[in-house]
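All values below were derived from every heavy atom in this structure, side-chain atoms included, with hydrogens, water molecules and symmetry-related copies excluded. None of the values given here were measured: they were computed from a predicted structure.
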Amino acid sequence: REPVADVIWSRFGLSVALAVGATVIAWGIAIPVGVYSATHRYSLGDNIITLIQFIGVAIPEFLLALAVMVVAVQMGFDVGGLFSNEYRNEPWSLAKLADMLAHLWMPLLVISVASTAWLTRVMRANLFDVLGQQYVQTARAKGVAERKVIWKHAVRNALHPLVMTLGATLSVIISGEAVVSIIFNLPTTGQALIQTLIVKDTYVAATLLVMLSALLIIGNLIGDLLLMWVDPRARVLD
């Protein structure tokens, strides 16, 4: 018996924070690891990275969340909820913010694992193909430093598929964190969507689905703008 807007907006900020944080973590890890894997193909480091990637893609999020929770409890971390008991009803302060961040690193880790593993595989495959292109060989023949060839010429073109998938990333992460939020007891829109579907609250569920559709459109727009920045050729219309 609450307004739909109050139910959604009270949870939307945390969902966006988790989605953006998981995206930043995934991209920040996937790009350098993918570059290393592509430039050291079939080495020991590449084989270890490939094994970790397969595990990250294959393991279910709920199982990983439970495993992280068990390990965190054994190490003495406060697990579950957004705040500890002593900060739950306290006004905002630096201590309360630090307590919230201490509770968010575990769900962020779980949410970003699968996307990080998948993006690393994509980056590795694309960069390996780009490194075989003629313009890369020409740059090397001209004596351009290998680091400059890789990061200035090859990586920039290898980022195209990653940028194009950004459109679906935001909505997928926000809807995909539902199970993780339930396990860690976090008030997010994903958790609200599951609860409203269980109790058949049509109004909240329909509004959340419309918002996810809007996020898909916004994500595609952001992806197109980033693609134009990464590759100026995308600005040219046929």
Side-chain angles (χ1 to χ4, degrees), residues 1-30 33 52 55-119 169-199 201 203-205 207-209 211-212 215 218-219:
R1 298 182 180 276
E2 297 181 27
V4 174
D6 293 345
V7 174
I8 295 177
W9 289 116
S10 62
R11 301 165 178 263
F12 188 71
L14 179 60
S15 297
V16 172
L18 288 174
V20 173
T23 303
V24 171
I25 292 173
W27 278 58
I29 296 176
V33 173
I52 296 174
I55 295 175
V57 172
I59 188 170
E61 282 191 345
F62 76 92
L63 182 60
L64 180 60
L66 292 174
V68 170
M69 181 177 290
V70 170
V71 174
V73 170
Q74 295 295 327
M75 296 178 64
F77 289 102
D78 190 3
V79 180
L82 194 57
F83 301 103
S84 301
N85 292 331
E86 59 268 26
Y87 291 104
R88 191 160 297 166
N89 298 319
E90 293 294 323
W92 279 101
S93 62
L94 291 178
K96 186 173 182 177
L97 178 62
D99 182 71
M100 183 183 70
L101 295 178
H103 283 76
L104 287 181
W105 71 267
M106 285 177 284
L108 273 175
L109 173 66
V110 175
I111 295 172
S112 59
V113 163
S115 56
T116 302
W118 180 78
L119 288 173
T169 300
L170 292 178
S171 60
V172 168
I173 290 180
I174 289 181
S175 60
E177 44 78 20
V179 176
V180 177
S181 298
I182 292 174
I183 294 175
F184 286 100
N185 192 25
L186 296 176
T188 63
T189 55
Q191 185 192 49
L193 179 60
I194 297 297
Q195 291 174 347
T196 53
L197 291 175
I198 292 174
V199 300
D201 190 343
Y203 301 103
V204 178
T207 305
L208 285 171
L209 291 176
M211 291 185 65
L212 291 177
L215 284 174
I218 294 173

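- For the residue pair A22 and I111, the shortest heavy atom distance occurs at CB-CG2, 3.8 Å.
- Atom CD1 of residue I8 and atom OG1 of residue T207 lie 4.5 Å apart, to the nearest 0.5 angstrom.
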### Task
Evaluate the criterion side chain to side chain contact (heavy atoms under 4.5 Å, CB included) for residue pair Q74 and V71; output intermediate values, then yes/no.
CA-CA 5 Å; Q74 295 295 327; V71 174; 5.7 Å; no
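- Considering all non-hydrogen atoms of both residues, W118 and V57 come closest at N-CG2, 3.9 Å.
- For A19 against T23, the heavy-atom pair with the smallest separation is O-OG1, 2.8 Å.
- In this structure, V180 and F62 have side chains that are not in contact, with every pair of non-hydrogen atoms separated by 4.5 Å or more.
- Nearest approach of T116 to A26, heavy atoms of both residues: OG1-CA, 3.1 Å.
- The nearest pair of heavy atoms linking A205 to L197 is CB-CD2, 3.9 Å.
- Counting heavy atoms from C-beta outward, L97 and M100 have side chains that approach closer than 4.5 Å.
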### Task
Tell me, with the steps shown, if L104 and L14 meet side chain to side chain contact (heavy atoms under 4.5 Å, CB included).
CA-CA 10 Å; L104 287 181; L14 179 60; 4.0 Å; yes
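- If you take CG on L209 and CG on L193, they are separated by 5.5 Å, rounding to the nearest 0.5 Å.
- Annotation: the span from R11 atom CZ to T188 atom OG1 amounts to 7.0 Å, rounded to 0.5 Å.
- In this structure, W105 has its ring center at least 6.0 angstrom away from the ring center of F184.
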### Message
Assess the residue pair L186 and Q191 against the criterion (side chain to side chain contact (heavy atoms under 4.5 Å, CB included)); give the C-alpha distance rounded to whole Å, side-chain angles, the decisive distance to 0.1 Å, and a yes or no.
### Response
CA-CA 8 Å; L186 296 176; Q191 185 192 49; 5.9 Å; no
### Task
List the steps and the verdict of side chain to side chain contact (heavy atoms under 4.5 Å, CB included) for K96 and F83.
CA-CA 8 Å; K96 186 173 182 177; F83 301 103; 3.6 Å; yes
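- Counting heavy-atom neighbours within 6.0 Å of L101 CG, excluding the residue itself, gives a total above 12.
- Separation of atoms CZ (F12) and CG (L208) is listed at 9.5 Å; rounding is to 0.5 Å.
- Taking 4.5 Å as the limit, some side-chain heavy atom of I183 sits within range of a side-chain heavy atom of M69.
- Taking both residues in full, the closest heavy atoms of L109 and S112 are given as O-OG, 3.2 Å, listed atom of the first, atom of the second, then distance.
- The backbone N or O of T189 lies less than 3.5 Å from a partner atom in the side chain of S15, making a donor-acceptor pair.
- The CD1 atom of I25 lies 9.0 Å from the OG atom of S115; values are rounded to the nearest 0.5 Å.
- Here OG of S84 is found 11.5 Å from CD of E90. Values are rounded to the nearest 0.5 Å.
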